[in-house]
Amino acid sequence: MSHHIIDVKNLKHTYADGTAALRDVSFRITHGESVAIIGANGAGKSTLLMHLNGYLAPTSGEIRIGDFPLTKSTLPEIRRTVGMVFQDPDDQLFMPTVHDDVAFGPFNLGLPGEEVEQRVNEALEQVGAAHLADKPPYHLSGGEKKRVAIATVLSMTPDILVMDEPTSGLDPYARRRLISLLRDFRHTKIFTSHDLDMVMDLCERSIVLHEGKVRADGPTMEIFRDEILLAECRLEKPLSMQGCPVCGRGRCRS
Ligand SMILES: Nc1ncnc2c1ncn2[C@@H]1O[C@H](COP(=O)(O)OP(=O)(O)OP(=O)(O)O)[C@@H](O)[C@H]1O
Ligand SMILES: [Mg+2]
């Protein structure tokens, strides 16, 4: 399964206004891993994710997805492999109806109409949005948009799922449903989140970004137990690891 490895080497990204958002980021993710990229606002998480399927090009450094370096000529193949859910669903939805947005990817893969319909129905069902199929995306609520944006990626059945803040804006029921969907997704998944309880639930490994650099990379539980590291990176323990605010007793599950 070497073709599903993600290899990021010495990645730097400086925006046009001179902001150095990524300053020498390196890591490797292998097939089947579930990895969280965590860090404070502005740490560089979205910038990093947008490099993984070529929405942003590195200022310097190299990205390999499986057997290919990410270049203009490998981009179409890499975009079939890597499904990306953006932080802002408005960046993802542009068709007149929800149905058409979710059908867009499979249709462009050249799949027969029947299979496109099947994928659309399944993906909308998975995120609890089947009833929204005929609506224009701009009439949806924030959480509904987020769920539909996720469906547009699920309908492509990607080998690698990359999600920027997948649970933000979701109500507790939709959040729980998404977590169980992600748990069942057997391929590689990488996501950013400020929802550290979800990170603890889903990811054995976390990469901590701080001011555009990898500050830590290792087992999630070790990272969450390192109070100095968390404080330095403006992170807080997941709620389920914090003591009860009333009786002071710990709720740590480990
Ligand atoms: N288009 C842009 N032009 C200039 N600077 C940008 C641009 N987009 C992001 N930045 C800056 O790059 C840095 C990293 O931003 P990024 O969006 O990657 O952070 P993040 O870790 O995803 O934060 P958040 O948790 O708020 O989503 C920030 O300082 C941000 O202001
Ligand atoms: Mg972000």
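Keep in mind that this is a model prediction, so the values were computed, not measured. For this chain, numbers begin at 1 and follow the sequence in order. Just follow the structure's listing: the first ligand is 1, and inside any ligand the first atom is 1.
Within the 4.0 Å heavy-atom cutoff, Ala43 counts among the residues contacting ligand 1. Heavy-atom distances between Met50 and ligand 1 stay at or above 4.0 Å for every pair. Distances from ligand 1 to the non-hydrogen atoms of Ala40 include at least one value under 4.0 Å.
Heavy-atom contacts of Thr19 reach the following atoms of ligand 1: 5 (N), 11 (C), 12 (O), 29 (O) (cutoff under 4.0 Å). Those atoms of ligand 1 with a heavy atom of Gln87 less than 4.0 angstrom away are 27 (O). Of all atoms in ligand 1, numbered sequentially from 1 with element shown, those under 4.0 Å from a heavy atom of Gly44 are 14 (C), 18 (O), 19 (O), 20 (P), 21 (O).
For the residue pair Leu132 and Val148, the shortest heavy atom distance occurs at CD1-CG2, 4.5 Å. Thr14 and Thr59 get closest at one heavy-atom pair: N-OG1, 2.8 Å.
Residue contacts to the Mg ion (ligand 2): Thr47 brings no N, O or S atom closer than 2.8 Å. Checking Ser46 against the Mg ion (ligand 2), an N/O/S atom falls under the 2.8 Å cut-off.
Within the model, atoms CZ of Phe185 and CZ of Arg183 stand 15.0 Å from one another, a figure rounded to the nearest 0.5 Å. Atom CD1 of Ile160 and atom NE2 of His187 lie 10.0 Å apart (nearest 0.5 Å).
Note on Asp159 versus Arg80: no salt bridge recorded, every NZ/NE/NH1/NH2 to OD/OE distance being 4.0 Å or above. Between Glu227 and Lys237, at least one side-chain nitrogen of the basic residue sits less than 4.0 Å from a carboxylate oxygen of the acidic one, meeting the salt-bridge criterion. Contact check on Lys213 versus Asp24 returns no salt bridge, with no Lys/Arg side-chain nitrogen under 4.0 Å from an Asp/Glu carboxylate oxygen. A salt bridge between Arg23 and Glu211 is absent, with no side-chain N of the basic residue lying under 4.0 Å from a carboxylate O of the acidic one. Contact check on Asp217 versus Arg205 returns a salt bridge, with a Lys/Arg side-chain nitrogen under 4.0 Å from an Asp/Glu carboxylate oxygen.
Residue, atom and distance of the protein heavy atom nearest to atom 23 (O) of ligand 1 are Gly42 N, 2.8 Å. Annotation: atom 15 (O) of ligand 1 to nearest protein heavy atom, Thr47 OG1, 3.8 Å. At the top of the distance list for atom 17 (O) of ligand 1, counting protein heavy atoms only, stands Ser46 CB, 3.7 Å. Tyr15 CD1, 3.2 Å is the protein heavy atom nearest to atom 6 (C) of ligand 1. The nearest heavy-atom contact from the protein to atom 26 (O) of ligand 1 is Asn41 ND2, 2.9 Å.
With no hydrogens or angles considered, no side-chain donor-acceptor pair links Thr97 and Asp134 at under 3.5 Å.
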Begin from the C-alpha positions of Lys45 and Asp164 and carry the test salt bridge (charged side-chain N to carboxylate O under 4.0 Å, His left out) through to its verdict. CA-CA 8 Å; Lys45 304 178 300 294; Asp164 198 349; over 6 Å; no
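At a 4.0 Å heavy-atom cut-off, ligand 1 touches His194 through the side chain alone. Of all the heavy atoms of Asp17, the ones lying under 4.0 Å from any atom of ligand 1 belong exclusively to the side chain.
For atom 4 (C) of ligand 1, the nearest protein heavy atom lies under 4.0 Å away. For atom 10 (N) of ligand 1, the nearest protein heavy atom lies under 4.0 Å away.
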